[in-house]
Engineer: 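Just dropping this structure here.
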Amino acid sequence: MLKTRVIPVVLIDGYSVLKTIQFTERRNQGNPITMARIYNTRNVDELILLDIDASEQARSIDLFTIEEIASECFMPLTVGGGLRSIEDIRSVLERGADKVVLNTIAIEKPEFVADAVRVFGAQCIVGSVDTKKSENGYKVFSKGKVTDIDAKDWILRLQELGVGELMLNSVDKDGTMLGVDLELIEMIAPLVKVPLIYCGGVANPIDMVAPIQKGVSAVAAASIFHFTRWTPDCCKRELQKNNIPVRLMESR
Amino acid sequence: MHLALLRSCFLEDTELLKKAQVGIAMKYCKKCLMPSTRPEQVFDANGICDACHSVERKAQIDWDARDKEFRALLDKYRSDGSKYDCIIPVSGGKDSVYQALTMRDKYGMNPLCVNHTPCEMTEVGAQNLTFLRELGFDLIQVGANRKAYREMVRIGFFTLGDSCWPEHIGIFTAPVRVAVQYNVPLIIWGENSQFEYGGPATKKDNNFLDRNWLEQFQMLGHRIEDVVHDGIKLNEIKTFHYPSDEEIHKVGVTGLFLGYFTKWDTQHNIESALALGWHQNPDGPVENAWNPYENLDCKWIGGLHDYMKFLKYGYARATDQLCIEVRHGRLTRNQAIDELLKSSEGKVPWKYVPDFLRYLGITEKEFTTNLDRFTNKRIFECDAQGRLIKDAQGNLTRKFVPQKL
Amino acid sequence: MITVVDIGVGNIGSVKRALSFLGAEYELAQEPAALKQASKILFPGVGSFCVASGLLDKQEWKQAIRHEVLVEKKPLFGICLGMQLLFSRGFEGDESSGLDLLQGSVVGLKIDREKFKIPHMGWNSVDASGLSLFNKIPDNSDFYFVHSFEVSPEDPEIKVAYTTYGDHKIPAAVQKGHIYGVQFHPERSQKVGLQILKNYLELPC
């Protein structure tokens, strides 16, 4: 039986790991090798690694730090941040990524997503959407601003472009540890035909249960692992208690 | 045509490289020497770190009011002398002396000192714990079994890049365990390091220390239960288990920062402790530090632990200590830079390395390979193949030092 | 010496890293002639069957691999797309031919697409069914899968280990004589995955 995934997210800025709060405030969480080795020790299902300033600073993704982290990991690695060309994607895959995340570029040039799918295969391409609730419903959030693109429409568009997986990020909930955005999940999950990852707001293991029950394939989180007592295994044990199949490793 | 193509490829690569390196240079506080690489460090828009702001705010604090607040709190806990009424976590260092004496002699409390034995105690460390008892304090020393402790040091060194990981946990856990087991709810910690050195807004103004503080600031992202992945059984490391929420609640354990209620002054703590007969480091400044007064109790907490901090973040204990001097007006920033460059910060702390290799049963090659792995190669000189350049003693060359302003 | 076929499809980096971690000596074969020195062959691949088939033809790999495996009797281990290419033909995109070392086809996942998502992505348990690749691995261990197509063996002598997705059993690993294949990514499946690679490395040549 296919297992539900719990996926830690690691944000990097230069050679530091950091955590954001509502996509604005930042906390420096230290050395990336430490972080990589911790998650490798924990046998996590997958790791998502994002260079969060690459797009904003209009620079290439930090290949050096990506490679440093990738060299420590024997679990699936999804990498994103400022990827804008076929060459960018190839560089990241060569350095150890299995999947890449496309976010900003997809909004600027949707046809690029289809190109990337054609060259690398759908299973390599994750379409990522940052969303924020506005008076007119959930909108796509990009480059620090709320756009007028409807989040639901955009998710469906990315799906049409052929991505192998979708990642849904709640800007409102990011880093707050105030619980997940169930309204957003309930709206999006039923429409998605590819695997769907949700990220934003998880504070306790139990927060992961409802998203899965509502059709999300995997839950990603960061703050809970940086700032609380909970580990990915704690989250999985809670999922297991709720009859959700997960992969729980025995100790080495 | 071919050459032009080649040239354009080369240019594109270096451009890519340059783009990839934007934002990599280390930035330093304009008032002290704290670098941006420090975890949890916060800088304002003018490039001033929040520890410098804390010092300014310290000067504004109504210490009389805080003292009153503290006394009112303590009145609720003070015993008639027949029982302990507060726990003082101690390492035997200068701050331990200050905390213990302040609580007993200034506030009339009846402290029980609690120490979690470090990874490998030094002679001067043992002397200073005895010294505390000479001053009239009862002391509980929690000695975790060396077998499991060693394996936790191994995890700290190889997985986390901090040889003293279990020591940090022990310091913040043992006193809480004793508080629960002896039914002494009040724990008096020293300074709030998030306030004194910089930290997130939610935590640095706290007057209390709880389990979450330990998890956020001492554990480097790893958790106690993670040790099972490396073959350690949870039952083998009981001294590192934080009491349950139920136990904490039942006893009413409350951990307060003395540094919140009294004006913390490291220099004053040093001078008064020395005057009473406390022992400083007999060999002069501790390796990778500037003064001979801190991190004396373990062979590796000063030295190796600080050196690993240097490899990861480009600064070590000397920087921390010199920042304190600058913030308290005892040195100018430029003088501090001179002192920093003269100090042993960034030199491989060979003194206790043979002990460490023996302790873990590893070779020097395994040791240095691991140190290299945790090194942030962007902030040290490397050769054309990207390998770290080392001198005959294995020392690296930093690419960045704070500039005089 | 293990030789890793590198025709330009997929993430060779992770495989190399896993082999280094296991202390294995390996070399990359970027042209068919390099297979002559191989004692064992590893064929990782990610991407489209049809594109890979085209590359194998263009670079004249098919004959070389078939010779080394069928005549010289060298063990061959295909990973993911590499396993799919061991078979006779594939229907991803246009119909194209594989290495035809194992009889069968590569077809779209035969699951109920209304109820279950494509690709089959994530960790799933494999019933080892006695395949020697799974020695020293606990029963029903989870491995990491990411694929939209599955192999459909047509030769009863091919041993198959299955994983279950929805109500459908997907071939997760195959073996016939000295030819092996896994649909999942052992180089990404942490401890048990590394053991799969180790088992292949330790096979007698």
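Sequence lines set the chain letters: A, B, ... in the order given, protein chains first and strands last, and positions in each chain run from 1.
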Engineer: So, taking the atom named OH in B:Tyr313 and the one named CG in A:Asn28, what distance separates them when rounded to the nearest 0.5 Å?
Structural biologist: 7.0 Å
Engineer: Within this structure, what is the CZ-CG distance for the pair B:Phe374 and A:Asn31, rounded to the nearest 0.5 Å?
Structural biologist: 6.5 Å
Engineer: What residue in B:His222, B:Lys377, B:Lys312 has the most heavy-atom pairs under 4.5 Å with chain A?
Structural biologist: B:His222
Engineer: Which residues pass the ring pair (Phe, Tyr, Trp, His ring centres under 6.0 Å) test with A:Phe74, not counting sequence neighbours?
Structural biologist: C:Phe21
Engineer: I'd like to verify something: which residue of B:Ile155, B:Asp226, B:Asp162 has the highest number of heavy-atom pairs under 4.5 Å with chain A?
Structural biologist: B:Asp226
Engineer: How far does OG1 of A:Thr65 sit from CZ of B:Arg378, to the nearest 0.5 angstrom?
Structural biologist: 4.0 Å
Engineer: Report yes or no: does A:Tyr15 contribute a side-chain atom to a donor-acceptor pair with the main-chain N or O of B:Thr37 at less than 3.5 Å?
Structural biologist: no
Engineer: Which is it for A:Arg27 and B:Gln216 under the side chain to side chain donor-acceptor pair (under 3.5 Å) test, yes or no, and what are the steps along the way?
Structural biologist: CA-CA 11 Å; A:Arg27 286 176 63 172; B:Gln216 287 205 37; 2.6 Å; yes
Engineer: Tell me every residue that passes ring pair (Phe, Tyr, Trp, His ring centres under 6.0 Å) with A:Tyr39, counting only those two or more places apart in sequence or in another chain.
Structural biologist: none
Engineer: Do any of residues 225-242 of chain A come closer than 4.5 Å to chain B, heavy atom to heavy atom, and if so which ones, in number order?
Structural biologist: A:Phe225, A:His226, A:Phe227, A:Thr228, A:Arg229, A:Thr231, A:Asp233, A:Cys234, A:Arg237
Engineer: What salt bridge (Lys or Arg N to Asp or Glu O under 4.0 Å) pairs are there with at least one residue in residues 70-82 of chain A, not counting sequence neighbours?
Structural biologist: A:Arg37-A:Glu72, A:Glu72-B:Arg373
Engineer: Output the distance between atom CD (B:Gln41) and atom CZ (A:Arg26), rounded to the nearest 0.5 Å.
Structural biologist: 15.5 Å
Engineer: Would you give the length of the straight line joining atom CG of B:Leu160 to atom CE of A:Met35, rounded to the nearest 0.5 angstrom?
Structural biologist: 10.0 Å
Engineer: How long is the straight-line distance from CD1 of A:Ile33 back to CG of B:Leu311, given to the nearest 0.5 Å?
Structural biologist: 12.0 Å
Engineer: Which atom names give the shortest non-hydrogen contact between B:Pro39 and A:Gly30, and what distance separates them?
Structural biologist: CG-CA, 3.9 Å
